Colleague: 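Sharing a structure, written as C-alpha cells. Questions coming.
Remember, predicted model here, so these are calculated numbers, not experimental data.
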Amino acid sequence: VLDKAKAGMPVSAFVMVTITYEHRKAEKFFQQEIAQKIKGIRGVEQAAMVTGTTDIVVKVSVESMSALNEFLTEKLRNIQGIDKTQTLVVLKEF
C-alpha cells in the first residue's frame with residue numbers, strides 16, 4: 001500500500017464528472033474519449049465510466065488543496081465536453 005503522504009501527494013479526492021451530450025456543429029463528445037483525456041492528467045489514479053447521474057468518476061491525488069484547485073479549474077474543467085463536476089475530498093483512507 002502506497003503511503004501518499006510520503007509520496008508527496010497527501011490530498012485525495014473523488015470527482016464526479018458530468019459530460020454534455022449536446023452536439024455543437026457536428027462536434028460529438030464521447031464518454032470514453034473524455035475519460036481517456038482525464039486519465040492522462042498528472043495525479044489521476046483512476047477514471048471510471050459509471051451509470052447514474054454521473055458519467056465519469058475520477059480519483060485524484062495531489063500535493064495540496066491549491067494543487068487540487070488547479071487540477072479542477074485549469075485542467076479538468078477545460079476539457080471540451082465536460083459540463084460540470086462535483087468534488088468529494090477524502091478525509092481518511094482505509
Colleague: To the nearest 0.5 Å, what is the distance between CG (L72) and CD (Q86)?
Modeller: 11.5 Å
Colleague: Between atom CG of L76 and atom CZ of F71, what is the distance when rounded to the nearest 0.5 Å?
Modeller: 4.5 Å
Colleague: What closest approach, in Å, do V62 and A67 show between heavy atoms, and which atom pair accounts for it?
Modeller: CB-CB, 3.9 Å
Colleague: Between I41 and I79, is there a side-chain heavy-atom distance shorter than 4.5 Å?
Modeller: yes
Colleague: Atom CD in E45, atom CZ in F14: separation rounded to 0.5 Å?
Modeller: 8.0 Å
Colleague: Can you hop from M49 to V57 via hydrophobic side chains spaced under 4.5 Å?
Modeller: no
Colleague: Restricting to non-hydrogen atoms, name the atom on F30 and the atom on I19 that form the minimum distance, rounded to 0.1 Å.
Modeller: C-CD1, 4.3 Å
Colleague: Rounded to the nearest 0.5 Å, what separates atom NZ in K75 from atom CG in N69?
Modeller: 11.5 Å
Colleague: Using the rule that Ile, Leu, Val, Met, Phe, Trp and Tyr join whenever any side-chain heavy atoms are under 4.5 Å apart, tell me whether V44 and V89 fall into a single cluster.
Modeller: yes
Colleague: Mind checking whether V50 and M16 have side chains closer than 4.5 Å, heavy atoms only?
Modeller: no
Colleague: I need the minimum non-hydrogen distance between N78 and T73, along with the two atoms involved.
Modeller: ND2-O, 3.5 Å
Colleague: State whether E63 and R42 are salt-bridged, where the test is any N-O pair (Lys NZ or Arg NE/NH1/NH2 against Asp/Glu carboxylate O) under 4.0 Å.
Modeller: yes
Colleague: Write down the atom of T54, the atom of I56, and the distance for their closest heavy-atom approach.
Modeller: CG2-O, 3.2 Å
Colleague: Kindly indicate whether the side chain of D55, heavy atoms from C-beta on, has any atom under 4.5 Å from the side chain of T18.
Modeller: yes
Colleague: Quick one: closest heavy-atom pair of I38 and A47, and the distance?
Modeller: CG2-CB, 4.2 Å
Colleague: Output the distance between atom NZ (K39) and atom CD (Q32), rounded to the nearest 0.5 Å.
Modeller: 14.0 Å
